[in-house]
Amino acid sequence: MEIILKNGDKLNVEVGTTCAKAASAISDGLARAAVAAKVNGKLVDLCTVLNDGDKLEIVTLKDKEGLEVYRHTCSHVLAQAVKTVFPTCNLAIGPVIDNGFYYDIDFKTPITQDDFVKIETEMAKIIKSNIAIKRFELPRDEAIQLMTKYNEKYKVELINDLPEDSVISFYKQGSFTDLCRGPHLPSTGKIKAFKLVSIAGAYWRGDEKKKMLTRIYGVAFATKDEMKAYFEMMEEAKKRDHIRIGKEMKLFALLNEGKGFPFFLPNGMVLKNTLVDYWRDLHKREGYVEIQTPIILTRNLWENSGHWEHYKDNMYTTKIDGEDCAVKPMNCPGGMLVYKLEPHSYKDLPLRVAEMGLVHRHEKSGQLHGLFRVRCFTQDDAHIFMLPEQITDEIKGVVRLTDKIYKQFGFKYKVELSTRPEDSMGSAEDWDLATSALQKALDEMNIEYEINEGDGAFYGPKIDFHLQDSIGRTWQCGTIQLDFQMPQRFDLEYVGEDGKKHRPIMIHRAIFGSIERFIGILIEHFAGKFPLWLAPKQVKILPITDRTSEYADKVCAALKEQGIRAEVDARSEKIGYKIREAKMEKVPYVLVVGDKEAEEGTVNVNKRGVEEKYSATLDEFVETAVKEIAQKINF
RNA sequence: GCUGCUAUGGCUCAGCAGGUAGAGCACGUCCUUGGUAAGGACGAGGUCACCGGUUCAAAUCCGGUUAGCAGCUCCA
């Protein structure tokens with residue numbers, strides 16, 4: 001019979017030939033590198049028997065799928081090892097993740113990281129024995145019988161929940177058999193580099209109400225070198241951790257006295273204010289007006305907006321003169337009240353109303369994390385009130401503005417479209433209309449996005465922008481939410497061309513999302529090496545001897561005159577020492593001034609990240625610095 | 001909130017097996033005025049997160065509380 005290879009070549013093989021055998025017929029090198037195969041586009045085990053006319057593709061560890069198969073087998077080796085070391089435990093599930101794998105296991109007595117040595121030793125033994133991995137399939141009742149025999153209650157539950165027509169397959173390696181869809185490596189000996197890294201709790205089936213199992217995380221790579229490179233990269237990434245840099249650079253403080261409420265220190269305030277100034281300038285140009293609404297408003301208002309019903313557990317409440325009040329978790333109801341203060345004409349729309357709003361949300365204690373997740377933060381919020389025919393253009397405008405701002409910092413981002421959640425308000429028609437409006441804007445702008453089913457706000461669907469932190473976790477920053485509900489609830493209206501009253505449509509949007517979170521991401525993105533326009537300390541002037549400290553003061557004054565954040569380090573320390581300190585502070589420009597410079601009216605410029613130093617007149621340096629700040633050049 | 005781990009001078013960390021604390025950096029004083037990533041000497045600074053228990057004796061062992069970290073769940 002004949003099979004077709006990836007490159008289109010045809011190969012004659014005997015009936016009953018496996019993928020592995022076919023691979024070795026193509027080339028010995030490829031056969032040895034093979035870890036799985038793709039038959040007619042479907043990923044399968046190497047032992048899969050080919051049929052006449054099948055299209056065969058060999059998968060190696062160089063392929064993404066190949067590495068996944070490899071990591072998947074690692075998780076099974078982990079399971080086998082754990083079963084050997086702790087025979088009474090019950091296995092749940094063990095999938096592949098970025099860089100590795102995990103397995104959720106129900107232990108009779110809790111284990112700790114100290115047990116990793118035992119487990120890893122057992123895994124190494126399994127790998128060394130190079131046990132063949134065999135697939136077999138069973139009908140449902142036999143599958144349940146088998147897993148019941150092994151006392152694997154979680155597996156029985158999984159089998160019971162599989163759809164009627166699904167194939168129930170098992171993989172057997174030695175005495176160990178596990179329910180699995182596969183595919184797997186042909187034998188355990190192919191695993192070259194793995195390590196167990198951490199242990200954590202995880203709810204069975206991701207449900208908070210179900211039992212918490214123990215999850216063992218591991219990483220696995222095709223070679224030991226790749227694994228080493230991974231650990232080195234993780235070490236580097238940890239050095240970028242915003243909590244650590246925030247402390248080192250005295251940007252902010254997290255204190256026991258205010259759990260989830262960060263303190264901003266002078267350096268951090270420079271960052272925050274600079275971002276706000278940039279934001280405000282940009283929004284003025286984009287036709288926004290700015291308001292500020294109160295932090296505490298009556299409970300009545302929150303009931304009216306629907307927040308009370310959907311969100312009261314996360315709101316801080318208080319009583320003022322006997323009246324129930326709540327601290328705002330969002331700015332919109334305040335914005336609605338402002339809209340209602342006066343009648344609006346269709347000629348006024350779109351109305352773009354921005355607010356740097358300080359909101360408070362009672363996040364559960366375990367969710368708090370540095371500046372990424374806090375209980376009090378500043379939203380760069382805006383509400384856009386508009387006519388139905390303005391929806392697409394307004395959304396596009398916000399997407400463009402978001403892109404512009406993210407690009408300014410050199411961020412790459414991911415876009416998600418979140419649709420109607422279960423717990424939501426409003427009619428299906430409104431939701432469809434709103435969702436397709438968002439989708440239309442994204443499609444027309446040729447923006448790639450993922451759909452996040454059921455993850456919208458309770459009042460409307462949304463477009464979310466996600467940025468990545470230094471160890472690859474993503475955080476939602478920007479958001480554009482289309483809302484038909486608030487205008488209705490607050491009975492907003494405008495007078496149309498026809499002289500009749502109509503309901504405006506509203507967008508909620510934020511670009512930084514939370515200034516605090518955005519600052520956290522900025523810190524990690526730049527590893528604390530902020531571009532000149534953002535740097536808390538922009539220029540440091542270092543006199544070589546006490547003789548030149550007067551000239552240093554003069555240079556500093558000239559820079560301050562131009563609004564540049566400059567300071568002199570006049571301590572009687574050696575120049576090398578002062579340079580080292582300034583560099584560790586990540587100051588963009590360090591100016592060294594000695595007798596020569598004082599005499600010539602120049603400065604010796606040390607630019608961060610640049611080995612060569614150069615001499616410039618004071619005026620020349622001021623000019624370049626002013627220009628770099630004004631143009632917000634990143635370096 | 002749940003599971004696990006952690007908590008020692010301003011910072012980064014030692015303190016292995018219980019006998020009332022150490023280092024480096026930072027800080028202060030003095031000497032050194034030195035041309036591009038750490039000059040030298042001396043000094044000050046900690047009831048070892050908090051509360052309780054075991055013990056003749058607890059930073060060290062046990063329990064609880066608080067806070068942080070990793071993950072889970074949640075995030076209008």
Side-chain angles (χ1 to χ4, degrees), chain A residues 97 102 104 107 110-115 197-217 238 241 243-244 247-248 250 253-260 302 305-315 329-330 332-333 359 361-370 372-375 418 421 423-425 455-460 462 464 471 473 475-476 479 481 483 485-486 508 513-514 517 542-549 571-585 590-597 604-606 611-613:
Chain A
I97 48 172
Y102 68 77
D104 284 348
F107 287 97
I111 66 157
T112 68
Q113 289 220 0
D114 297 339
D115 295 309
V197 289
S198 63
I199 199 164
Y203 300 108
W204 168 233
R205 308 203 118 181
D207 185 341
E208 210 176 354
K209 293 187 183 65
K210 294 207 164 103
K211 188 169 182 186
M212 181 162 273
L213 310 173
T214 304
R215 177 171 296 178
I216 299 177
Y217 283 93
K238 271 190 209 146
D241 177 41
I243 301 171
R244 179 195 184 118
K247 203 185 252 179
E248 281 168 8
K250 299 192 171 100
L254 304 168
L255 304 178
N256 294 359
E257 288 81 354
K259 186 171 155 149
W302 300 106
S305 70
H307 288 97
W308 189 260
E309 183 195 336
H310 287 268
Y311 205 63
K312 61 174 176 299
D313 291 343
N314 289 306
M315 288 168 72
M330 288 189 97
C332 25
V359 297
R361 300 177 179 183
H362 185 77
E363 304 289 357
K364 289 193 231 164
S365 64
Q367 324 290 19
L368 300 175
H369 178 73
F372 287 164
R373 192 87 178 261
V374 288
R375 283 176 173 164
S418 298
D423 183 22
S424 61
M425 310 187 303
D455 209 32
F458 67 79
Y459 47 71
K462 55 182 186 165
D464 287 331
I471 56 173
R473 293 175 294 203
W475 300 86
Q476 186 204 306
T479 182
Q481 308 174 351
D483 184 354
Q485 305 308 317
M486 290 293 147
H508 307 247
S514 141
R517 174 179 291 181
L542 314 180
I544 293 176
T545 67
D546 295 348
R547 284 193 304 282
T548 45
S549 63
R571 290 174 306 166
S572 301
E573 295 289 350
K574 287 221 166 73
I575 192 65
Y577 181 83
K578 291 201 275 195
I579 291 206
R580 179 185 149 82
E581 277 208 343
K583 298 259 175 183
M584 304 246 288
E585 279 182 274
V590 175
L591 305 183
V592 173
V593 295
D595 292 332
K596 185 169 150 260
E597 284 76 17
N604 190 264
V605 184
N606 292 239
E611 203 45 53
E612 304 79 50
K613 300 123 182 66

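As the structure is a computational prediction, the values presented were derived from the model and not from experiment.
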Task: Atom pair distance, as rounded to whole Å: OH in A/Tyr203 and P in B/rU73 - done: 9 Å
Task: Spacing between A/Ile575 atom CD1 and B/rU33 atom P, to the nearest angstrom - done: 16 Å
Open item on the list: Nearest whole Å is fine: how far is B/rG71 C1' from A/Asp104 CG?
Closed with: 10 Å
Open item on the list: Counting only Watson-Crick pairs (N1-N3 plus N6-O4 or O6-N4) and G-U wobbles (N1-O2, O6-N3), all under 3.5 Å, who is the partner of B/rC50?
Closed with: B/rG64
Task: A/Lys247 side chain, from C-beta outward: closest of B/rG35, B/rU33, B/rC11 - done: B/rC11
TODO: Establish whether the base of B/rU33 is bridged to the side chain of A/Asp546 by a donor-acceptor pair shorter than 3.5 Å.
DONE: yes
Task: Partner nucleotide of B/rA41 by Watson-Crick or wobble geometry (both distances under 3.5 Å) - done: B/rU29
- [ ] Determine whether any donor atom in the side chain of A/Tyr577 lies under 3.5 Å from an acceptor atom in the base of B/rA38, or the reverse, and answer yes or no.
- [x] no
TODO: Using the six-membered ring wherever Trp is involved, compare the ring planes of A/His508 and A/Tyr459 and label them parallel, tilted or perpendicular (cut-offs 30° and 60°).
DONE: parallel
Open item on the list: Between the base of B/rU73 and the side chain of A/Asp207, is there a donor and acceptor pair under 3.5 angstrom?
Closed with: no
Open item on the list: Between B/rA21 and B/rG46, how many Å separate the two C1' atoms, rounded to a whole number?
Closed with: 8 Å
TODO: Respond yes when some side-chain nitrogen or oxygen of A/Lys209 is under 4.0 Å from OP1 or OP2 of B/rU73, and no when none is.
DONE: no
Task: Separation of the C1' atoms in B/rA23 and B/rG45, to the nearest angstrom - done: 14 Å
Open item on the list: Is there a side-chain contact between A/His369 and the phosphate of B/rA70, meaning an N or O under 4.0 Å from OP1 or OP2?
Closed with: yes
TODO: Taking A/Arg215 for its side chain and A/Ala200 for its backbone only, find out whether a donor-acceptor pair lies under 3.5 Å.
DONE: no
Open item on the list: Checking A/Lys462 against A/Asp464 for the salt bridge (charged side-chain N to carboxylate O under 4.0 Å, His left out) test, could you report, in this order, the C-alpha distance in whole Å, the side-chain angles of both residues, the deciding distance, and whether it holds?
Closed with: CA-CA 6 Å; A/Lys462 55 182 186 165; A/Asp464 287 331; 3.4 Å; yes
- [ ] Pick the P atom in B/rA59 and in B/rU47, then give their distance to the nearest Å.
- [x] 13 Å
Task: Separation of the C1' atoms in B/rG35 and B/rG28, to the nearest angstrom - done: 28 Å
Open item on the list: Suppose we call a contact any N or O donor and acceptor under 3.5 Å apart; does that hold for the side chain of A/Gln367 and the base of B/rC74?
Closed with: yes
- [ ] Nearest whole angstrom, please: distance from the P of B/rC2 to the CZ of A/Arg215.
- [x] 18 Å
- [ ] Please report the C-alpha distance between A/Glu208 and A/Lys364 in whole Å, then the side-chain angles of each, then the deciding distance to 0.1 Å, and finally whether the salt bridge (charged side-chain N to carboxylate O under 4.0 Å, His left out) criterion is met.
- [x] CA-CA 13 Å; A/Glu208 210 176 354; A/Lys364 289 193 231 164; 3.0 Å; yes
- [ ] Determine the interatomic distance between C1' on B/rG64 and the same-named atom on B/rC56; round to the nearest Å.
- [x] 26 Å
Task: Whole-Å gap separating C1' (B/rU33) and CZ (A/Arg547) - done: 6 Å
TODO: Report the base-pairing partner of B/rC16 (Watson-Crick or G-U wobble, both distances below 3.5 angstrom), or none.
DONE: none
TODO: Look at A/Arg473 and B/rG71 and indicate whether a side-chain polar atom (N or O) is within less than 4.0 Å of OP1 or OP2.
DONE: yes
Task: Separation of atom CD in A/Glu585 from atom P in B/rA38, rounded to whole Å - done: 16 Å
Open item on the list: In whole Å, measure the gap between the P atoms of B/rA14 and B/rA49 for me.
Closed with: 14 Å
TODO: Check whether the side chain of A/Arg373 and the base of B/rC74 form a donor-acceptor pair under 3.5 Å.
DONE: yes
Task: side-chain hydrogen bond (donor to acceptor under 3.5 Å, both in side chains) partner of A/Glu363, chosen from A/His369, A/Arg373, A/Arg375 - done: A/Arg373
- [ ] Return the nearest nucleotide to the side chain of A/Arg571; candidates are B/rA76, B/rU36, B/rC27.
- [x] B/rC27
Open item on the list: If you only use heavy atoms from C-beta on, which nucleotide in B/rA67, B/rA37, B/rA76 is closest to the side chain of A/Tyr311?
Closed with: B/rA76
Open item on the list: Does B/rC72 have OP1 or OP2 under 4.0 Å away from a side-chain N or O of A/Lys364?
Closed with: no
Task: P spacing across the pair B/rC42 / B/rA58, given as an integer number of angstrom - done: 35 Å
- [ ] For the side chain of A/Ala200, starting at C-beta, report the closest nucleotide among B/rG71, B/rG35, B/rA76.
- [x] B/rG71
Task: Interatomic distance, A/Glu573 CD vs B/rC30 P [rounded to whole Å] - done: 13 Å
Open item on the list: With rounding to the closest Å, how many angstrom separate the P atoms on B/rC25 and B/rG43?
Closed with: 15 Å
TODO: Looking only at side-chain atoms of A/Lys583, point me to the closest of B/rC72, B/rU36, B/rA37.
DONE: B/rA37
Open item on the list: Given the structure, check if the side chain of A/Ser572 and the base of B/rU33 hold any donor-acceptor pair shorter than 3.5 Å.
Closed with: yes
Open item on the list: Whole angstroms only, please: what is the CD1-C1' distance between A/Ile97 and B/rC72?
Closed with: 13 Å
